[in-house]
Protein chains: 2
Amino acid sequence: MEFRETQAIYLQIADRFFENILQKKWVSGDKIPSIRDMAVEFEVNPNTTMRTFNFLQDKGVIYNKRGIGYFLADDGLEKTIALKKEQFLQEELPMFVKTMQLLGLTLDDLKTYVQRNPLSDN
Amino acid sequence: MEFRETQAIYLQIADRFFENILQKKWVSGDKIPSIRDMAVEFEVNPNTTMRTFNFLQDKGVIYNKRGIGYFLADDGLEKTIALKKEQFLQEELPMFVKTMQLLGLTLDDLKTYVQRNPLSDN
DNA sequence: GGTAGTGTACTAGTTACTTAGTACACTACA
DNA sequence: TGTAGTGTACTAAGTAACTAGTACACTACC
């Protein structure tokens, strides 16, 4: 996987976790692929994916069973929505609106873009 | 000034430069405040602002007169627009749309937000 | 018991970013 | 000429992120 240079890799991987949760590919109680498997999938060091797991456990999104693996918490979806929403409202949205303003783009331009770029293929 | 932890400080300062240029607070040929003054204003080490200046000079947005200072290039505004637009279209916009989709937000929600949050106060 | 698959805990080393401090060359100007 | 304000070039140090490798304890299962 390719990563942006502007953000730590383990956080970008966390975002992929959030996607899986929000898209309900992972649901409460599901076992999450192991730290080692994730490292192979994302082509990073296991230590890096471990940081992602620690980060998400700290947020209460996943929990651990010793010797078995990590699982999605009962309220994992709710916590993920809360986390993403907070980040979106406090950081992403204001920056986005500011950039649109600076570039002189309108909501109609955005509408056109969205129509031309079907929202999902993953 | 407070900085986000997810992006290098010198790049966040560069964004402030871009704002000044896009808002036409700085126009072609204008002398830009010195590396040392900028360091004081942003409360960082002069080495850090120097990285911003080097970055922007590398992009062709500003140029240097030895012993005098940095100045906004003739096509500084155009280059800034091009840079921001590219970044916006390739990174910010796709991520933004994806997050909106994941959170189940619509363009109407966005419209409401924009109406409630007047676009500028700087 | 043995084995494979888990997470965990280390040491070590590299790179990027940031700060701190010093020194020096160039330009403008009194 | 002297001085203040520029950029520039260093050394040194600290932190975060990332990689590499090893070792160990726990759990499930044959």
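Labels below follow one simple rule: chain letters A, B, ... track the order of the sequence lines, proteins then strands, and each chain is numbered from 1.
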If we only count heavy atoms from C-beta on, is the [X] to [Y] side-chain gap below 4.5 Å?
X: Thr6(A); Y: Thr6(B); result: no
X: Ile32(A); Y: Phe53(A); result: yes
X: Pro94(A); Y: Tyr113(B); result: yes
X: Lys98(B); Y: Leu102(B); result: yes
X: Thr48(B); Y: Phe42(B); result: no

Q | Nucleotide of dG7(D), dT8(C), dC17(C) approaching Asn64(B) most closely (side-chain heavy atoms) | A |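 Comparing dG7(D), dT8(C), dC17(C) against the side chain of Asn64(B), the answer is dG7(D).
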Q | Nucleotide nearest Asp37(A) when distance is taken to its side chain, options dT6(C), dT8(C), dT18(C) | A |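 Selected nucleotide (nearest to the side chain): dT6(C).
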Nearest-Å distance for atom pair [atom1]/[atom2], residues [X] and [N]:
X: Ile13(B); N: dT19(C); atom1: CD1; atom2: P; value: 8 Å
X: Phe3(A); N: dA16(D); atom1: CZ; atom2: C1'; value: 17 Å
X: Ile35(A); N: dT19(D); atom1: CD1; atom2: P; value: 14 Å
X: Leu11(B); N: dA16(C); atom1: CG; atom2: P; value: 14 Å
X: Glu5(B); N: dT18(C); atom1: CD; atom2: C1'; value: 14 Å
X: Ile32(B); N: dG7(D); atom1: CD1; atom2: P; value: 10 Å
X: Asp58(A); N: dT8(C); atom1: CG; atom2: C1'; value: 16 Å
X: Tyr70(A); N: dT27(D); atom1: OH; atom2: C1'; value: 15 Å

Q. Is a side-chain N or O of Asn20(A) found less than 3.5 angstrom from the main chain of Phe17(A), in a donor-acceptor match?
A.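 Looks like no, no N/O pair under 3.5 Å.
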Q. Are OP1 or OP2 of dA17(D) and a side-chain N or O of Thr48(A) less than 4.0 angstrom apart?
A.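 Thr48(A) to dA17(D) OP1/OP2: no side-chain N or O under 4.0 Å.
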Q: Kindly say if Ser34(A) contacts the phosphate of dG5(C), meaning a side-chain N or O under 4.0 Å from OP1 or OP2.
A: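 Result: no.
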**Q.** Protein proximity profile, nucleotides 20-30 of chain C - base contact B, sugar-phosphate-only contact S, no contact -, cut-off 4.0 Å on heavy atoms
**A.** BB-B--BSS--
(Q) Both Asn54(B) and Glu43(A) contact DNA chain D. Taking the nearest nucleotide for each, which residue is further toward the 5' end? (A)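 Here Asn54(B) is the residue nearer the 5' end.
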Q | Axial cation check for Tyr70(B) ring with Lys65(B), 6.0 Å and 45° limits | A |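 No, Lys65(B) and Tyr70(B) do not form such a contact.
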